[in-house]
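Input: a single structure, listed below in structure tokens.
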Amino acid sequence: MKKVITLLSVCLFLAVGCKDSKEVGAVNVDSMQQAGEIIDYTNSVVDYMNDANSFINSRERDFKKLVDLAESKKVRSRIDIPIDALFVSHNFGSKKDREEKIVNPPAVLSKEEQEFFKEKVTFYKEQRNLLSGTSVTYIKYLTDEDYKDDNWAKAKEYAETIEKAYTNCIETRPIISKKIEEVTERAEEIILADSPIKDAIMTVKGDLKNIDNLIDVFYDHAEAGGKKEEADKLYTELEANIAKHKGLYVAELTKEGKLSSYESFYTSVDGNLGNVRKVLRKVKEGKKLTDSDFDDLRRVSNDAVASYNRFI
């Protein structure tokens, strides 16, 4: 199973009334209202995928355990079987509303953009639900010892479904994320145009992107090697930027009531650099990166994303 790494950052949001453009499509957005509609929708998609990502990460070992049981055809004790309640989704209230919203993109997007999000987000949502639903059904099958009646035939089917749904979630998520970046670019430009803390926002966004790039390089190195120098260079740049940027824009941020959350972002990142250095040290020493290393990197990135989202 390919490992899920990080959460996604939400985009800027500001909802105000304004005139509508006659043209639809993300590149034709020309008003705060249109920009707000796009950002509001994409942030809902990001929130949903972050929740799904957290669920998948938290159950990573359980998914592997379920797949391995189908292969070994042996339950040594009840502790070998994951707890079904941990796979159950509770969708009500705002979460239920969000799940309806994410499969209905706003009309301000072009027809092609709307079709993309309807198709991909619906598929992602279906696969996430299939992942949890199949796991619950499989766990009941194991608990009831039904494998004794069919010689583990159903277990194999359940395991294959879990692996396929897991892979589909992992592969679909970056496709949606890339499209979100494309359709929000113009909307963010409009919202940021007159912002007194535009430079601060772009600085934080740039540093967050650098963290993601570094983690991607670690991942590439683990899969194919040859990224030691690039990882070292990216880390050195990141460390220098954090030191340089964390004390900037004090007057502007104070005036807008954003200084505390800006400082919190850099405090979070700076405090987690030690974990990044540990991974970098292993890369430079030629040691193999482990699941534990990537768990650490995921926490570093997720902390940074959470701090960024609170800032904006």
Side-chain angles (χ1 to χ4, degrees), residues 1-11 46 49-50 52-61 63-64 67 120 124 163-164 166-182 184-185 202-246 265-309:
M1 290 185 173
K2 188 175 181 180
K3 197 161 186 66
V4 184
I5 299 296
T6 60
L7 300 179
L8 303 170
S9 57
V10 297
C11 301
V46 167
M49 292 201 299
N50 280 346
N53 184 64
S54 295
F55 162 73
I56 294 172
N57 274 321
S58 68
R59 302 271 64 82
E60 182 84 30
R61 291 179 176 83
F63 292 138
K64 186 177 187 305
V67 171
K120 298 299 183 184
Y124 182 86
E163 286 192 299
K164 186 174 181 180
Y166 178 97
T167 299
N168 286 337
C169 285
I170 302 306
E171 293 180 348
T172 304
R173 183 172 177 266
I175 295 173
I176 297 173
S177 300
K178 182 178 179 182
K179 192 67 172 181
I180 287 175
E181 289 182 4
E182 293 175 3
T184 56
E185 183 176 359
M202 297 309 296
T203 296
V204 173
K205 188 173 183 179
D207 288 332
L208 182 64
K209 182 66 175 176
N210 289 338
I211 294 170
D212 288 341
N213 289 341
L214 178 57
I215 291 177
D216 286 344
V217 169
F218 281 133
Y219 208 137
D220 291 342
H221 181 81
E223 292 187 334
K227 298 292 183 178
K228 180 173 65 174
E229 289 77 13
E230 185 177 356
D232 190 31
K233 180 176 181 291
L234 287 175
Y235 175 79
T236 300
E237 292 176 353
L238 175 64
E239 188 176 51
N241 283 338
I242 298 305
K244 176 183 177 182
H245 297 157
K246 63 183 179 182
F265 171 83
Y266 284 101
T267 297
S268 171
V269 175
D270 192 43
N272 281 326
L273 286 181
N275 288 326
V276 181
R277 285 195 299 274
K278 289 178 183 178
V279 177
L280 177 61
R281 195 173 298 120
K282 290 183 69 173
V283 168
K284 294 167 75 171
E285 293 173 353
K287 295 180 180 178
K288 182 179 179 180
L289 298 185
T290 65
D291 285 348
S292 178
D293 294 323
F294 283 105
D295 284 343
D296 287 341
L297 291 174
R298 174 171 53 83
R299 281 189 287 270
V300 170
S301 182
N302 287 350
D303 286 349
V305 169
S307 295
Y308 170 83
N309 289 345

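This is a predicted model, so every value here is computed, not measured.
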Tyr235 and its side-chain hydrogen bond (donor to acceptor under 3.5 Å, both in side chains) partner, picked from Lys233, Glu239, Glu237
Glu239
Val279 vs Asn275, side chain to side chain contact (heavy atoms under 4.5 Å, CB included): CA-CA, chis, key distance, verdict
CA-CA 7 Å; Val279 177; Asn275 288 326; over 6 Å; no
Would you please say whether a donor-acceptor pair under 3.5 Å links the side chains of Ser292 and Asp295?
no
Answer with yes or no whether the side chains of Asp303 and Asn272 bring together a donor and an acceptor at under 3.5 Å.
yes
Does a salt bridge link Asp296 with Lys278, judged by any charged N lying under 4.0 Å from a carboxylate O?
no
With a 4.0 Å cut-off, would you call Glu60 and Lys64 a salt bridge?
no
Quick check: are there more than 12 heavy atoms from other residues, nucleotides or ligands sitting under 6.0 Å from NZ of Lys179?
yes
Count the heavy atoms belonging to other residues, nucleotides or ligands that lie under 6.0 Å from CD of Glu185, then report whether that count exceeds 12.
no
Tell me the closest heavy-atom pair linking [X] and [Y], and the distance in Å.
X	Y	result
Met49	Ile180	CE-CD1, 4.3 Å
Ala222	Phe294	CB-CZ, 3.6 Å
Ala304	Ile211	CB-CD1, 3.9 Å
His221	Lys227	ND1-N, 3.1 Å
Leu297	Ile215	O-CD1, 3.5 Å

Is there a donor-acceptor pair closer than 3.5 Å between any side-chain N or O of Asp232 and the backbone N or O of Lys228?
no
Please check this pair: side chain of Ser58 against backbone of Phe55, looking for a donor-acceptor N/O pair closer than 3.5 Å.
yes
Going from [atom1] on [X] to [atom2] on [Y], what distance comes out if it is rounded to the nearest 0.5 angstrom?
X	Y	atom1	atom2	result
Leu234	Asp212	CG	CG	11.5 Å
Asn57	Phe63	CG	CZ	10.0 Å
Thr203	Asn241	OG1	CG	9.0 Å

Given Asp207 and Tyr266, is the side chain to side chain donor-acceptor pair (under 3.5 Å) satisfied, shown in steps?
CA-CA 9 Å; Asp207 288 332; Tyr266 284 101; 2.6 Å; yes
Could you please spell out the steps behind the side chain to side chain contact (heavy atoms under 4.5 Å, CB included) verdict for Tyr219 and Leu289?
CA-CA 9 Å; Tyr219 208 137; Leu289 298 185; over 6 Å; no
Between Asp293 and Thr290, is a side chain to side chain donor-acceptor pair (under 3.5 Å) present by the stated rule, with each step listed?
CA-CA 5 Å; Asp293 294 323; Thr290 65; 3.2 Å; yes
How far apart are the C-alpha atoms of Leu280 and Phe218, what are their side-chain angles, what is the distance that settles it, and do they pass the side chain to side chain contact (heavy atoms under 4.5 Å, CB included) test?
CA-CA 8 Å; Leu280 177 61; Phe218 281 133; 4.0 Å; yes
Test Tyr124 against Arg173 for side chain to side chain donor-acceptor pair (under 3.5 Å), laying out the working first.
CA-CA 7 Å; Tyr124 182 86; Arg173 183 172 177 266; 4.5 Å; no
I would like to know whether Leu273 and Leu238 meet side chain to side chain contact (heavy atoms under 4.5 Å, CB included); could you show each step before the answer?
CA-CA 9 Å; Leu273 286 181; Leu238 175 64; 4.1 Å; yes
